[in-house]
Amino acid sequence: MNYTNYFTNRPTDEITHDLIGRPLIYNEGKEKLGGYIVEAEAYMGKDDRAAHSYGGHRSPANEGLYRRGGTIYIYAQRQYFFFDVACQEENEPQGILIRAIEPVWGIDTMIKNRNGKSGVLLTNGPAKMMQAFGIHDKNWNLHFLSDSPFIIDLEDKHRKPAQEIIADKRVGINQSDPIWANKKLRYYVAGNPYVSDMKKRNYAKNNGWT
DNA sequence: GTTCGGATCGTCT
DNA sequence: GACGATCCGAACA
């Protein structure tokens, strides 16, 4: 399975669901940083009121969404950076936002990058994950995954099986269009502590893995 | 443990 | 000049 096939040929929400439990790794050359994807959101393109590409809106900042599936789309929001992967063919501006990982590789370095914050606070949000990787710019925006330090491991045997994957509404979406704002396009490992806003009382045994 | 409001800056109008 | 696909610390329980 290569990135092009993986990020096209299926509906974007289906790909998003499939990414849960797969390793996401960032390796600039000196050390492997990353963990298992535990939370991600699908943005369904021109019709999706919550997407940056809603209504066909196109600008230098959201150009990445219009590139071919497997292209990295990094964007800035306030002082923070977010990591997306474009889906579908070129000019079909759909994408996936990786929201959270359960840290596994290079934890000590990621804690340093996060200014000493550890535990759940290390990577339980899209901008926190980028900080943990030490990314503070859009350097890799518009690069194809295989031409970047990012690796999404598509080997099924490396995918950590979740006990249950929940579909829920996306986070931080403007409610002006309740139809799109409430669509269940966010997927996460039930009870995993690294899912953003996961309440302690909802933590699952074995972090929600089988 | 959970909620609330302010910070802060790239991007588009 | 206004607005976020957020984060953090302070306040309250």
Side-chain angles (χ1 to χ4, degrees), chain A residues 7 12-13 15-17 19-20 24 37-67 71-88 92-101 103 110-142 150 166-188 191-204:
Chain A
F7 289 104
T12 299
D13 50 349
I15 303 170
T16 310
H17 182 279
L19 277 176
I20 303 299
L24 169 64
I37 298 171
V38 297
E39 182 182 14
E41 290 177 349
Y43 286 86
M44 305 301 284
K46 297 175 182 170
D47 296 333
D48 184 349
R49 196 64 183 273
H52 291 160
S53 53
Y54 172 67
H57 173 73
R58 186 171 187 165
S59 72
N62 76 353
E63 175 66 22
L65 282 175
Y66 287 82
R67 301 293 177 87
T71 302
I72 293 170
Y73 167 44
I74 292 176
Y75 67 94
Q77 188 76 212
R78 293 182 166 79
Q79 67 271 51
Y80 306 117
F81 291 91
F82 299 68
F83 178 78
D84 284 46
V85 181
C87 290
Q88 310 309 330
E92 181 52 55
Q94 306 190 22
I96 295 170
L97 168 67
I98 309 296
R99 285 191 57 86
I101 61 173
M110 291 197 285
I111 291 174
K112 280 185 198 131
N113 289 341
R114 284 279 292 143
N115 230 337
K117 294 200 167 55
S118 62
V120 169
L121 294 177
L122 188 56
T123 51
N124 69 339
K128 297 177 191 178
M129 183 187 83
M130 291 294 264
Q131 285 178 9
F133 290 164
I135 297 172
H136 302 282
D137 56 46
K138 291 170 57 172
N139 193 34
W140 296 108
N141 187 38
L142 304 183
F150 290 94
I166 308 266
D168 205 347
K169 65 177 169 188
R170 294 169 291 186
V171 175
I173 304 298
N174 188 316
Q175 283 286 332
S176 60
D177 183 343
I179 303 286
W180 278 99
N182 294 321
K183 273 189 196 289
K184 298 189 171 179
L185 292 171
R186 176 169 69 113
Y187 299 91
Y188 61 88
N192 186 281
Y194 293 91
V195 173
S196 57
D197 256 347
M198 179 63 66
K199 303 294 181 227
K200 206 159 197 174
R201 61 174 174 273
N202 294 327
Y203 283 8

Worksheet item: Sub-3.5 Å donor-acceptor pair from the side chain of A/Glu39 to the main-chain atoms of A/Ser196, do we have one?
Response: yes
Worksheet, complete the sentence: Rounding to 0.5 Å, atoms NZ (A/Lys128) and CG (A/Asn113) come to a distance of 15.5 Å
Worksheet item: Is the closest side-chain heavy-atom distance between A/Tyr73 and A/Asn141 below 4.5 Å?
Response: yes
Worksheet item: Whole Å only: how far is the OH atom of A/Tyr73 from the C1' atom of B/dT11?
Response: 10 Å
Worksheet item: Backbone N or O of A/Pro93 within a donor-acceptor pair of the A/Ser53 side chain at under 3.5 Å?
Response: yes
Item to complete: Look at the side-chain N and O atoms of A/Arg78 and state whether any lies under 4.0 Å from the OP1 or OP2 oxygen of C/dA5.
Response: no
Item to complete: Take the protein atom CG of A/Asn115 and the nucleotide atom C1' of C/dG9, then report the distance between them rounded to whole Å.
Response: 14 Å
Worksheet entry | Heavy-atom closest contact (A/Tyr194 atom, A/Gly119 atom, distance) | CE2-O, 3.4 Å
Worksheet item: How would you label the contact of A/Ile173 with the nucleic acid (heavy atoms, under 4.0 Å): base, sugar-phosphate, or nothing?
Response: sugar-phosphate
Discussion item. Can you pull out the residues from residues 195-204 of chain A that lie within a 4.0 Å heavy-atom distance of DNA chain B?
Written reply: A/Lys199, A/Lys200, A/Arg201
Response to the item:
Shortest non-hydrogen pair, A/Ser59 vs A/Asn62, comes out as N-OD1, 2.8 Å
Practice prompt. For A/Glu63 and B/dT11, give me the distance from atom CD to atom C1', rounded to whole Å.
Written response: 15 Å
Fill in: Working for side chain to side chain contact (heavy atoms under 4.5 Å, CB included), residues A/Thr123 and A/Phe133
CA-CA 9 Å; A/Thr123 51; A/Phe133 290 164; over 6 Å; no
Item to complete: Choose from C/dT6, B/dT8, C/dC7 the nucleotide whose nearest atom is closest to any side-chain atom of A/Phe82.
Response: C/dT6
Discussion item. Is the phosphate of C/dC8 approached by A/Arg114 (side-chain N or O, under 4.0 Å from OP1 or OP2)?
Written reply: yes
Discussion item. Pairs counted only when both distances fall under 3.5 Å, Watson-Crick or G-U: show me the 5' to 3' dot-bracket for DNA chain B, [ ] for pseudoknotted crossings and | for other-strand partners.
Written reply: |||||||.||||.
Item to complete: Would you please determine if the base of C/dA5 is stacked by A/Tyr75, with stacking meaning a centroid separation under 5.5 angstrom and planes under 30 degrees?
Response: no
Worksheet entry | Atom-to-atom span, CG of A/Asn141 to C1' of B/dT11 - whole angstrom | 13 Å
Response to the item:
Here the distance between atom P of B/dC9 and atom NE2 of A/His136, to the nearest Å, is 13 Å
Discussion item. If I take atom CD in residue A/Gln131 and atom P in nucleotide B/dT8, what distance separates them, rounded to the nearest angstrom?
Written reply: 14 Å
Practice prompt. Between C/dA5, B/dT11, C/dC7, spot the one nearest the side chain of A/Lys128, thanks.
Written response: C/dC7
Practice prompt. Give the rounded distance in Å between these two atoms: CZ of A/Arg170 and C1' of C/dT6.
Written response: 16 Å
Worksheet entry | N or O in side chain of A/Lys138 less than 4.0 angstrom from B/dT11 OP1/OP2 | yes
Discussion item. Quick check: A/Phe83 with A/Phe150 (ring centres under 6.0 Å apart)?
Written reply: yes
Fill in: Listed partners of A/Arg170 passing side chain to side chain contact (heavy atoms under 4.5 Å, CB included), at least two apart
A/Glu41, A/Tyr43, A/Asp48, A/Ala50, A/Ile173, A/Trp180, A/Leu185, A/Arg186
Worksheet item: Counting side-chain heavy atoms from C-beta on, which of B/dT11, C/dT6, C/dG9 comes nearest to A/Ala127?
Response: C/dT6
Discussion item. Closer than 3.5 angstrom, by distance alone: can the side chain of A/Asn202 be matched with the main-chain N or O of A/Met198 as a donor-acceptor pair?
Written reply: no
Worksheet item: Considering only side-chain heavy atoms of A/Gln79, which listed nucleotide, B/dT11, B/dC9, C/dG4, is closest?
Response: B/dC9
Worksheet item: Between A/Asn174 (CG) and C/dA2 (C1'), how many Å, whole number?
Response: 14 Å
Worksheet, complete the sentence: Judged by nearest nucleotide, the residue sitting upstream toward the 5' end of DNA chain C, A/Leu121 or A/Glu41, is A/Glu41
Discussion item. Nearest to the A/Ala61 side chain among C/dA5, C/dG9, B/dC12, which nucleotide is it?
Written reply: B/dC12
